[in-house]
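Worksheet: one structure, shown below.
Note that the structure is a prediction, hence the values are computed from the model and not measured. Numbered from 1 within each chain, the chains take letters A, B, ... in sequence-line order.
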Amino acid sequence: MSGTDGTRRSMILAETVNGLTPVLLAFSIFLTFRGHNAPGGGFAGGLVMAAAVILRYLASGPEAVRSLRIDPIVLIGAGLALAALVGTWPLLDGGEFLESSIWKFHPPLIGEMKLVSSSLFDIGVHVLVVGVVMAVLVAFVEADDEVARANAAREELRSNAGHDDASGDPGTTTSGGER
Amino acid sequence: MTELLPLAIVIPLGGAAAALLAIRVRSVQRIITIACTVTTALIAVAILLDVDSNGTQVASMGGWPPRIAINLVADRLSALMLTIGATMLLAVLLFAVGQRADDERSRWYHPAYLALSAGVSGAFLAGDLFNLFVFFEVLLMSSYVLLTLEGSDSQIRSGTTYVVLNVVESLVLVTGVALVFAATGTLNMAELPERLAALPDGVRIGLNLLLLIAFGLKAAVFPLFSWLPDSYPAAPSPVSAVFAGLLTKIGVYAIIRTQTLLFPETNRTLLLVIAGLTMVIGVFGAIAQNAMKRILSFHIVSQIGYMIMGVALGGTAAIAAVIFYMIHHIPVKTSLFLVEGIIERDTGSSTLDRLSGLARRSGPLAALFLLPALSLAGIPPLSGFIGKLGVVTVGLDQGSWWIVATALAVSILTLVSMLKIWTGAFWGEPAGPDHDSGVLRNHPLMSSVTIAVVALTVAIAVFAGPLYRFAERAAADVTTPAAYEGAVVP
Amino acid sequence: MSFTQAALVAVLAGAGTYLVMHRTLTRIILGLGMLGNAVNLLILTAGSSPGNAPIVGEQAPVADPVPQALVLTSIVITFGVMSFLLSMAYRGWTIDGNDEVEDDITDRRLAEEPGEPVDHGEPT
């Protein structure tokens, strides 16, 4: 695992990602909020935000994901719960499932503002998608660590016990260092 | 009461979200799952009563007109399947909680289980082909997770076969759906019959075949069954119980739906031959096997043959017989897997070589096995007899002697393979040193759930009259596409 | 419908089927991905004529939105299944150092034991 010490990271990639992250985040939110009546939507927005997370992972290793300090499972649950709630809400006042309602506000200075309940649904989907991609990423990172630990332990055993089973499992031991 | 239809899907789905949020607290997860499953079962019963008295219910999502909206449709068949499905999901969940095994302790078990039950509800209620596919995917995804929950070597091995074959099935299904849309311009099951009837014969047969292959793989009919006996035994017992009872029957349900509603005028000789082969090969497979779960898994294949036989014979009487057969088969199969689960939990194995004398150790356990086993083989007063009688009678009426002969022969072979389990596991001297008869008392929750499911199978035999009349009403709904059309797009 | 699109569907489906026939899970996954793309392209090719984005206010030849919704949904599903299969391949690799899909153990045992009543109707 050469990544953790940071020596073999690409400087160019890291700097580009640093600059790109805010743009991606803003763009993802933009996509999500226009989704109710224009191309875009929660899924596309969520994927763009997830792409930002993945880029950070590529640029600076597993710490980028861990430093977020959010459990992706909670994101999945919260997103799904929000979407389900927004879908069910209209049933309470006699509408149909998933029926969209529009609220209009008149905040000072900006003029009229519309909030559509399907935007909330989109936000739910957005959060859910980010959570899923992060969960996949975290799972692979953790599994990788596990394999690395297992390999280290096996190496130690092997060096202690001599080389009596050196033929065993060449696939696992060699490819551990390739990442 | 149409607002109940989406609730049958959203409650388990919302429950899955809640169970994910409570991922670190297993007791909370357990409460959420049980509460959601109970609610879903109650909703299903309410829908069933409502549909039986007021006719087909339709809920159009988002308040759009039914022709362009996503529709959820509950006719008698959907409502009946929904009810029996939700009941089995609840029973198996309680069994799993009572089993206190590693799989239920995994933090993914409860969310996956709830997502599975959302998928099951959705598949029964979907009013268009595409959402049928989507909900199939929801339940398949959850079943992938449940099947490989432990991530052990054998689970990964058999899970791979299961997942890959089901992904291929999904791709065939989407292809079918895409071509149906290309040919007719709609996917709404109420609008399709008319437009499909207007197509040239060749196109219609091609579309029918694509859908049949996709659903046939799901239902494990003859050439497409090899994944089933390979993968189900690798799953933990409660998981394989719900898979065995429900999942293949959802494939059969989809076959009934598409064959009666979308392609009513088809020559089904090929399907009849496939039904015969499914029965025969399933039961031969069962006789060859040596582990209880595998024998029971091959029985599923064999029993699917009877259902497909009814669908292939066609007509209201045959469909009524198939519906009754499914209603009988789901709890019977589930209870057999639950008994197997108790045995495996108690003795640590369910391979026939390692078991012996269970009848002497625990008479009640033997009875719990024997009742559904004999029912499955079709011994007279039990529910399986009534189901088989219905299918066979239709076969005789239509003069298909050879399929009736096959069905009867397979019935005897089923009995033979059940006797193999009986002599292997229950007869003879107890293997272990302990002679206490407390197998059931040691596992109170598991046993009471199993007793309840077995009681349900007996109740199906006792109330066969009213149930069969209900199945006939459901079949009458299903076999008249005009009625479905009239209810959805008036 | 254009010939190029139809040909692309055929090529993707053919290559995908070829890859799925392999024993290595990694190749199967690649094959399934190709098959998935073939099907998605098929939905678009067969289900809609080209046109402007199907949004209120666009000019007259408007594409049918339904196939696009179908494709989007099926892409999402393929994405989920792919990541699950990848993780299974990874898990298989951590367990025994390869990602070969093996035969069923009991099937192998049945085929090897001449004394057992082997089922002749079942090809394994």
inquiry  = If you compare all heavy atoms of B:Leu21 against all heavy atoms of A:Ala78, which two are closest, and at what distance to 0.1 Å?
reply    = CD2-N, 3.6 Å

task = For residues A:Gly77 and B:Ala17, report the shortest heavy-atom separation together with the two atoms involved.
result = O-CB, 3.3 Å

inquiry  = I want to check something: taking the side chain as every heavy atom from C-beta on, are A:Val74 and B:Leu20 in contact at a cut-off of under 4.5 Å?
reply    = no

ask   = Side chain, backbone, both or neither: which part of B:Ile23 has a heavy atom under 4.5 Å from chain A?
value = side chain

remark   = To the nearest 0.5 Å, atom OG1 of A:Thr88 lies from atom CG of B:Leu7 at 7.0 Å

Kindly list each side-chain donor-acceptor pair under 3.5 angstrom involving residues 22-31 of chain A, sequence neighbours excluded, with atom names and distances?
residue, atom, partner, partner atom, Å
A:Ser28, OG, A:Leu25, O, 2.9

request  = Starting at CD1 of A:Ile73, measure out to CZ of B:Arg107 and round the result to the nearest 0.5 Å.
outcome  = 6.0 Å

note = By residue number, those in residues 118-125 of chain A with heavy atoms under 4.5 Å from heavy atoms of chain B are none

key: Heavy-atom closest pair, residues A:Ala84 and B:Gly14   = CB-CA, 4.3 Å

ask   = Above 12 or not: heavy atoms from other molecules or residues under 6.0 Å from CZ of A:Phe33?
value = no

